[in-house]
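So you know, we letter chains A, B, ... as the sequences are listed, proteins then strands, and number each from 1. Just so it is clear, the values below take in all heavy atoms, side chains as well, and ignore hydrogens, waters and symmetry mates.
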Amino acid sequence: MTSALATELAGSGVAGVPAVRLRALRKEFGDVVAVADIDLDIFDGEFLTLLGPSGSGKTTVLRMIAGFELPTSGRIELAGADVSQRPPFQRDVNTVFQDYALFPHFDVRTNVEYGLRVKKVAKSERKERTDAALASVRLEEYGGRRPSQLSGGQRQRVALARALVNRPRVLLLDEPLGALDLKLREQMQVELKAIQRDVGITFVFVTHDQDEALTMSDRIAVFNNGRIEQIGSPADVYERPATEFVAGFVGTSNLLRGESAQSIIGRPGVFSIRPEKIRLVAESDGIDADEHSAVGVVREVVYVGDATRFVVGLDAGAELVALRQNLETSSMQVNEYRDRRIKLVWRREHEFQIG
Amino acid sequence: MSQQIADTVEGDESLPRRLSATAYRHPRWRLTGLLSAPLFWLGVLYLGSLLVMLISSLWSTDDFTGAIIRKTSFANYHTLFTQPIYRTVAVRTLLIAVGVTVVDALLALPLAFFIAKVVRTRRMKYILVIAVTMPLWTSYLVKGYAWQVMLDRNGAVDWALKPLGLHGPGLGLPATICALAYVWLPYMVLPVYAGFERLPGSLLEASADLGAAAGRTFRSIVVPMIIPALVAGSIFTFSLTLGDYIMVKIVGGSNQMFANIVYDNIGIAGNLPFAAAAAMFPIVVVILYLAAVRRTGALENL
C-alpha cells in the first residue's frame, strides 16, 4: 500500500498513522508457531478481513490485538501507541465473540451498558448511548429480555451493540456469523457492512468463509500457516491471486502447470484461471488472437441452479472447471454435455501466473 | 409380511431381550424396576427412621430406673429451649459451621478457578481434581489426630511460628474450624470447580474487553455466576459440620458441639428420647438453610 493511499484511508485519524500496526508479530504455543512474524497496517475506517483456514493464525492475530494473548515477540500499535504488553481493559478496542459471550445473568440492556458502567459514564449519557446502540441493531424492544430468550441472530446483534456502544477505535469480530444459518448469515453480512459504513469504525473481521470475505471487505488478508499470503482488495485477491494457496482458498482452484501449461499457454509455470472466465464452445470453433484455448472431455456436470459447473479433463493432461450461467439451458440440457468433447476458451488477460 | 418379520424376530430372541421388549411396552413396569430399591431405602429406612426419631423425641425416661416412658410430652424440647447451656452450644455450633463454610469457600474459589480456567491440559486437570479428593481416601480419624499433633502445644505449628515470635492457636474452637475445614474442603472444591467449568472463558474475556479489570470482573461476572455452585458446596460443608462431634473431641479442647449432646445422652446418660430431641436441631437448621437457598436457584446445580 502506498503512503498516499494510506493517508487517504486514514480518514478521521491522525494522518498517516494506521489504526492498527503490527510489526514482526509472532506467537508461539509451545513448539507450535501460530503467527510467524507478521507485518500489517490496518487503516482508520476500513473493513479488513483476516481470511484463512482454521489453524492459519488469523484468530490468534485478532486475540493479540484484543489483548487476550500476549505476543511472543513483535509490536502491536493502536493509533501509534505501543500496546503490545497491555491487558485487554487498557486497549481502545472491543470484540464481538464467536459464541457472543453475552452475560447470561444480565438482561440485554445491562449487557449493552456494561462497558459504560465499568468506565463510570454518567447515568444520563449511559442511557442515551445504550438506547442508541440498541436502536442501531433494531432491538429497542428487547432491552428487558435475557440472552437465553433471544434467537441466534438477535444475540449476535446484542453482542454487536455491546461492543459498539463503547465507540472503540477498532472493532474486532471473531467469526461472528459462524453459528447462524445461511439465510441469516447473508442478511447479517449486509447489515454489518451497513453498520460499519454508518459508524465509520475500523472493523477487523475474522472468517474462514471466502464468500463472506469477498462480500464485506475493503481489504482481505489471506492467512496460511501463520503468515499473510496476500493482502489486497477483494477483486485483487480473487482475480489476481498472488500464490497457489490464495488461488485455491479464495474461489475454485483452477490451475495449469507443468507440461499442460507449456502446451496450452506456451510457457512453463503455474497459471490460475477463474471458472467463470472460461467459455465452452464446440471443438471446431476458432478463437481470437488474444485468447487461449484447450480441448477436452466433459467429465462431470454439476447443476447448481443459477449456473452449471463443467469439470473438463483436458487432452493436455490437466483438469479445469468452467462455470456457465444457466441463461437458457435447463438441468436436462446441461446433462447432455457429459462425456462430450468440448473446447474451453478464455482471454489471456484472465490467466494469472502464480508460480 | 410385516407380521412374519415380527414373528421371526420375537421367536429368536433370548429371555433378557424379550423381557426388555416387554418392559418397553409397559412403562409402569420399567418405572417400578428402576425405583423400587431406592424408594424402599429412602421411604422405609431413611424417612421411616427419621419419623421414629421424631416420635421417640416426645417420650421420656424414668429418672430412677432409666426405663423409657412411652408417653407424649414436650418436656425434652422444653429443656432444650430453656436451659442456657443448650442455647450456648447451639450458637457455637452454628458459628463453627459458618466458619468452616467461609474458610472452605475462600480456599475453594481460587483453587477451583485455577484448575478449571488456568490449567490448559485435560490430563493436568484430572490429576489436580484427583489430588483434591485424595484426602478423602484417608480415615477421618487419622486426619483429626494429625491436626491434633500439629496444633497441640509444642506441635509443628508452634515450632514453625516460633522464629516469628508467635505461637499457634493451640487446641480449641479455632483448631476445630481449621480441622473441619480441612476434612470437608473437597466437598466445596468439587462443585465450585464444576461451576467454573460451566462458566465460558469468553465471558471473562468479554468483561476484560469491555474495560473491567480483574476485581470488577470477579464481582460482576464471576461471583453471580458461581454462587449456585458455592451454595451447593456450602450445603455439604455446613450440614456435615453441624452433625460432627468427633473433631471437637480431638482438637477442640474441652469444648462441645451440639452433636456431643446427642452422643453423651446415648452413651453416658442413656437418655435416648432426649438424644432424639437434640438430634432434631441440625435437621431443622438444614431444612431452614435449604429453604433459604432454594430461593437462589442453587439447588438446580446440586
**Report entry** Per-residue contact mode, F103(A) against chain B (heavy atom under 4.5 angstrom)
**Finding:** both

Query raised in the report: What option among A66(A), P168(A), A101(A) has the most heavy-atom pairs under 4.5 Å with chain B?
Result: A101(A)

Requested in this report: Let me know if R120(B) has heavy atoms under 4.5 Å from chain A in its side chain, its backbone, both or neither.
Outcome: side chain

Report summary line: Against chain B, residues from residues 126-165 of chain A with at least one heavy atom under 4.5 Å, in numeric order, are R162(A)

Query raised in the report: How about Y114(A) and I221(B): do any of their side-chain heavy atoms sit closer than 4.5 Å?
Result: yes

Query raised in the report: Given side chains that start at C-beta, do those of D209(B) and F68(A) come closer than 4.5 Å, heavy atoms only?
Result: yes

Requested in this report: Report yes if some heavy atom in the side chain of S207(B) is under 4.5 Å from a heavy atom in the side chain of V118(A); otherwise report no.
Outcome: no

Report task. Against chain B, label D99(A) side chain, backbone, both or neither, depending on which of its atoms sit under 4.5 Å from a heavy atom there. Result -> side chain

Report summary line: Heavy-atom closest pair (L210(B) atom, N94(A) atom, distance to 0.1 Å) is CD2-ND2, 3.7 Å

Requested in this report: Please look at L172(A) and chain B and tell me whether the side chain, the backbone, both or neither of the residue comes under 4.5 angstrom of a heavy atom of that chain.
Outcome: neither

Report task. Give a yes or no on this: more than 12 heavy atoms of other residues, nucleotides or ligands lie within 6.0 Å of atom CG of D218(A). Result -> yes

Query raised in the report: Are there more than 12 heavy atoms of other residues, nucleotides or ligands under 6.0 Å from atom CZ of F281(B)?
Result: yes

Report task. May I ask you to check whether over 12 heavy atoms, not counting those of F29(A), lie within 6.0 Å of atom CZ? Result -> yes

Query - Least distance between heavy atoms, P224(B) atom then H105(A) atom - result: CB-CD2, 3.5 Å

Report summary line: If one checks every heavy atom of Y100(A) against chain B at 4.5 Å, the contacting part turns out to be neither

Query raised in the report: Under 4.5 Å between any side-chain heavy atoms of M225(B) and P104(A), yes or no?
Result: yes

